[in-house]
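In this chain, residues are counted from 1 in sequence order. All values derive from a computational prediction rather than experimental measurement.
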Amino acid sequence: MSIKGIDVSHWNGVVDWRKVAADGVKFVFLKASEGTTYVDRTFKTNAVNARANGIHVGAYHYAKFGSVTEAKAEAQHFLRTVSGVKMTYPLVLDLEENKKKASKAVLTDAAVAFLGAIEKAGYFAMIYAGKSFLETQLDEKRLNPYAKWIARYNSFLGRSADIWQHTDKGKVSGISGNVDMNWSYRDFASLISSKNVSKSPTGVGTVTDSKEPTCRIVVNGAKLDAHGIIRNDLSYLPVRAIGNAAGVTIGFCNGKATLGKGTLDTTIIIGETGYAQAREIAEVLGYNLDWCQENRQVTLTKGKR
């Protein structure tokens, strides 16, 4: 599943949402607020007009905090700003700077406090960050309960994510100039409409309904956060995590996952995660496959022998 979306602020000017919808955009994240006082002047108008054209709407808050106390204050400002505006996509903590030079532990504490306040208010909470910032400035393990929207402007993401912001130079009908483009790998609108908004969905590669042994995964030299499982002496890998790392489109049709143009006949579903046999994944991608028993590690490398 790959759902096309954008994110927009006042910097994008006047938006023709009818044209945006006609260009295949299914969701938008709108900038709502920043710090403890700023409100984006286009937020409410864009929210109403986007929804009127069938586009799902989420909102984001640009964070400036450096402590738990500051984070809680910013969260309340965000909640006041979005109050009364119908949201069908998550509310997002946009955390991409640490100008107050908080330690990793303190900044993570602050992020968790902010996200907790959003969930307590009854919304689906998500964190946005650049790939490098998330992996170096925050304790990512403590953020695993929350959905992740990750920016990396490249042909592949190289890790797991719920939403990938893949460029800031996209083009969409109805918007002048460049616009941020995103692929969502979860149907958040359905999750939220089912009223399961107080808990984020299972993270990519998390085995929730299985006690089977796991294995490590390396794709093109990069170790993934996600893990595979061992079933009947065969390794099964999380399809979405592999697709993100390899930079190919992931889909799901008639009970089977797809990578690019290839269908994975060995697909199994555990919790909310789709897995397929490592050997079939390698064949579909045209990758080399290696297994290290000592480290319990599957290695996929581009290019057939």
Side-chain angles (χ1 to χ4, degrees), residues 4-21 23 25-66 70-100 110-111 113-115 117-119 121-130 133 146-151 153 163 165 167-182 184 188-189 192:
K4 180 180 179 180
I6 60 175
D7 51 280
V8 166
S9 72
H10 70 278
W11 292 109
N12 296 102
V14 177
V15 177
D16 186 331
W17 290 103
R18 181 184 62 81
K19 290 183 178 179
V20 171
D23 202 9
V25 172
K26 302 301 183 183
F27 70 90
V28 61
F29 285 110
L30 300 172
K31 182 173 184 179
S33 53
E34 181 176 325
T36 56
T37 58
Y38 177 81
V39 175
D40 191 297
R41 63 180 182 271
T42 65
F43 168 62
K44 290 188 176 181
T45 298
N46 278 334
V48 170
N49 292 334
R51 290 193 68 246
N53 284 277
I55 298 172
H56 292 294
V57 175
Y60 69 91
H61 170 89
Y62 188 91
K64 293 189 170 182
F65 55 68
E70 293 171 350
K72 289 180 177 179
E74 291 195 22
Q76 293 309 307
H77 174 52
F78 186 27
L79 290 169
R80 286 192 298 269
T81 301
V82 302
S83 178
V85 180
K86 177 67 174 178
M87 294 285 117
T88 53
Y89 246 59
L91 293 194
V92 182
L93 166 61
D94 178 356
L95 186 54
E96 49 188 291
E97 68 173 50
N98 185 18
K99 292 183 178 178
K100 295 184 178 180
F114 185 103
L115 293 163
I118 300 307
E119 284 195 335
Y123 294 98
F124 194 109
M126 172 183 283
I127 184 168
Y128 166 95
F133 190 92
Y146 302 99
K148 296 181 180 67
W149 173 18
I150 298 178
Y153 303 153
I163 299 179
Q165 185 184 84
T167 183
D168 61 351
K169 294 180 172 58
K171 300 294 182 183
V172 170
S173 296
I175 299 179
S176 300
N178 297 329
V179 64
D180 296 343
M181 302 295 300
N182 305 278
S184 179
F188 285 104
I192 291 171

Practice task
Please say which of V20, L30, I55 ends up in a side chain to side chain contact (heavy atoms under 4.5 Å, CB included) with I6.
Solution key: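 Answer to the side chain to side chain contact (heavy atoms under 4.5 Å, CB included) test with I6 among V20, L30, I55: V20.
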With sequence neighbours excluded, tell me which residues meet side-chain hydrogen bond (donor to acceptor under 3.5 Å, both in side chains) with [X].
{"X": "D7", "answer": "Q165, N182"}
{"X": "Q76", "answer": "none"}
{"X": "N178", "answer": "K171"}
{"X": "Y60", "answer": "none"}

Practice task
Kindly determine whether K169 and Y153 satisfy side-chain contact (heavy atoms from CB on, under 4.5 Å), including the steps that lead there.
Solution key: CA-CA 9 Å; K169 294 180 172 58; Y153 303 153; over 6 Å; no
Exercise for the section: Only counting residues at least two apart or in another chain, list the ones meeting salt bridge (Lys or Arg N to Asp or Glu O under 4.0 Å) with K72. Expected result: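 Once residues adjacent in sequence are excluded, K72 has no partner under the salt bridge (Lys or Arg N to Asp or Glu O under 4.0 Å) criterion.
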Handout entry: Qualifying salt bridge (charged side-chain N to carboxylate O under 4.0 Å, His left out) pairs, either residue in residues 27-48, two or more places apart
Key =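 The answer is K31-E34, E34-K64.
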[X]: side-chain contact (heavy atoms from CB on, under 4.5 Å) partners, not counting sequence neighbours:
{"X": "N49", "result": "W17, T45"}
{"X": "A63", "result": "H61, F65, E74, L93, L95"}
{"X": "S173", "result": "K19, D23"}

Exercise for the section: Look up atom OH in Y128 and atom CZ in F133, then write down how far apart they are to the nearest 0.5 Å. Expected result: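 Those atoms lie 11.0 Å apart.
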Problem - Spatial distance of atom CD1 (I118) from atom CE (M126) [nearest 0.5 Å] - result: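 Rounded to the nearest 0.5 Å, the CD1-CE separation comes to 13.0 Å.
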Practice task
Step through it carefully: locate the ring centre of F124, locate the ring centre of F188, and say whether they are under 6.0 Å apart.
Solution key: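 That pair passes the under 6.0 Å test.
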Show me the donor-acceptor pairs, under 3.5 Å and distance only, between side chains in residues 80-91 and residues at least two apart or in other chains.
from, atom 1, to, atom 2, distance (Å)
T81, OG1, H77, O, 2.8
T88, OG1, H56, ND1, 3.2
T88, OG1, V57, N, 3.0

Handout entry: side-chain contact (heavy atoms from CB on, under 4.5 Å) evaluation trace for F29 with I163
Key = CA-CA 11 Å; F29 285 110; I163 299 179; 3.6 Å; yes
Handout entry: Donor-acceptor pair between Y62 and E96 side chains, under 3.5 angstrom
Key =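 There is no such pair (donor and acceptor under 3.5 Å, judged by atom type) between the side chains of Y62 and E96.
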Nearest heavy atoms of [X] and [Y], plus distance in Å:
{"X": "A110", "Y": "A71", "answer": "O-CB, 3.2 Å"}
{"X": "M181", "Y": "G170", "answer": "CG-CA, 3.5 Å"}
{"X": "A50", "Y": "V28", "answer": "CB-CG1, 4.1 Å"}

Exercise for the section: Evaluate the ring planes of F114 and F78, with Trp represented by its six-membered ring, and classify them as parallel (under 30°), tilted (30 to 60°) or perpendicular (over 60°). Expected result: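 Because their plane-to-plane angle is under 30°, the rings of F114 and F78 count as parallel.
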